[in-house]
Amino acid sequence: PAEPTMVLRLKFLNDTERLARVRPGDTVGALKRAHFPGQEQQVRLIYQGQLLRDDTQSLSALHLAPNSVLHCHISPHSPAPAPAGPRASADPVHAALNVGSLMLPLFVLMLAVLWYFQLQYRHVFTATATTFLAGLTLLFSFMAFTMYRR
């Protein structure tokens, strides 16, 4: 006798739904392959707040009832595999300059240059400018220590 089928509701982020006819013995991977061909690596299925990571898990093990809702998220591109070695960073996309990692050193350099000019050309800096520079240095130091204290 053939295994009975049931209908699941696949709900997407834009509130659209698609119905999926499945068998309880089907796996999460089979569901992805059947309803998202070619996008299996990009599809994330969520049931009752839990990400269904194991593609070999059967739907019956999830205790899905007919008309259960599976939330679907399709990422624009598949997750990139981890670099295998030093040559992996030669990829121009991944070798792009990471400006975020340079912000802290650039800000420290900028403050150091401003303090140098304040000490060398004291007559150019007003009391207000010096106070502002001191306050900015204290604020930056406080933020840096709280961020990197973890």
Side-chain angles (χ1 to χ4, degrees), residues 7-20 22 26-150:
V7 174
L8 298 178
R9 295 171 32 212
L10 304 177
K11 188 168 186 171
F12 298 89
L13 292 177
N14 61 2
D15 281 336
T16 59
E17 285 190 17
R18 190 188 317 174
L19 297 179
V22 296
D26 290 348
T27 62
V28 172
L31 174 67
K32 288 180 182 179
R33 282 188 298 279
H35 294 280
F36 305 98
Q39 296 180 307
E40 297 92 350
Q41 296 300 316
Q42 297 154 278
V43 174
R44 302 286 176 258
L45 297 175
I46 300 163
Y47 178 62
Q48 292 182 340
Q50 297 296 318
L51 178 63
L52 305 181
R53 297 174 197 260
D54 186 5
D55 283 354
T56 61
Q57 187 176 27
S58 71
L59 299 176
S60 61
L62 297 171
H63 307 292
L64 294 171
N67 287 320
S68 292
V69 175
L70 288 177
H71 293 275
C72 304
H73 174 262
I74 302 175
S75 59
H77 49 76
S78 62
R87 294 277 302 142
S89 64
D91 179 15
V93 174
H94 293 86
L97 186 61
N98 185 0
V99 179
S101 65
L102 294 176
M103 290 306 293
L104 180 67
L106 285 175
F107 201 71
V108 168
L109 180 66
M110 185 178 69
L111 279 175
V113 167
L114 283 172
W115 275 111
Y116 172 79
F117 282 128
Q118 200 282 333
L119 294 173
Q120 290 298 320
Y121 304 103
R122 184 168 296 175
H123 62 279
V124 177
F125 282 76
T126 64
T128 306
T130 304
T131 305
F132 180 74
L133 182 58
L136 190 63
T137 303
L138 284 173
L139 177 68
F140 173 74
S141 300
F142 175 74
M143 287 176 47
F145 283 122
T146 57
M147 282 176 33
Y148 292 103
R149 187 174 51 146
R150 297 181 225 164

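Inter-residue side-chain proximity for Leu62 and Val28 is flagged as met; some heavy-atom pair is nearer than 4.5 Å. Counting heavy atoms from C-beta on, the side chains of Leu8 and Leu64 come closer than 4.5 Å. Side-chain contact check for Leu45 versus Cys72: some heavy-atom pair is nearer than 4.5 Å. Looking at heavy atoms from C-beta onward, Val124 lies out of side-chain contact with Phe117 at the 4.5 angstrom threshold. When side chains are defined from C-beta on, His71 counts as touching Val69, because their heavy atoms get closer than 4.5 Å. By the 4.5 Å heavy-atom criterion applied to side chains, Asp26 and Leu31 are not counted as neighbours. Leu70 has its side chain within reach of Leu52: a pair of non-hydrogen atoms, C-beta onward, lies under 4.5 Å apart.
Within the model, atoms CD of Gln48 and OG of Ser68 stand 7.5 Å from one another, a figure rounded to the nearest 0.5 Å. Here the CZ-CZ distance, from Phe140 to Phe145, works out to 9.5 Å after rounding to the nearest 0.5 Å. Here Lys11 contributes atom NZ and Glu17 contributes atom CD; the two are 5.5 Å apart, rounded to the nearest 0.5 Å. Lys32 NZ to Gln39 CD: the interatomic distance, rounded to the nearest 0.5 Å, is 11.5 Å.
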Exercise for review: Start with the C-alpha gap between Leu19 and Leu10, add the side-chain angles, then the distance that decides, and say whether side-chain contact (heavy atoms from CB on, under 4.5 Å) holds.
Suggested key: CA-CA 6 Å; Leu19 297 179; Leu10 304 177; over 6 Å; no

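Not counting sequence neighbours, Ala112 has no partner by the side-chain contact (heavy atoms from CB on, under 4.5 Å) test. Arg33 is linked by a side-chain contact (heavy atoms from CB on, under 4.5 Å) to Thr27, Ala30, Glu40, counting only residues two or more places apart in sequence or in another chain. Partners of Leu133 according to the side-chain contact (heavy atoms from CB on, under 4.5 Å) rule, which considers only residues two or more places apart in sequence or in another chain, are Leu111, Leu114, Trp115, Gln118, Thr137.
The backbone N or O of Gln50 sits nowhere less than 3.5 Å from a side-chain atom of Arg53 that would complete a donor-acceptor pair.
Annotation for Met143: atom CE does not count as buried by contact number, only 12 or fewer foreign heavy atoms lying within 6.0 Å.
Between Phe36 and Phe12, the angle of the ring planes goes over 60°, which puts this pair in the perpendicular group of the 30/60° scheme.
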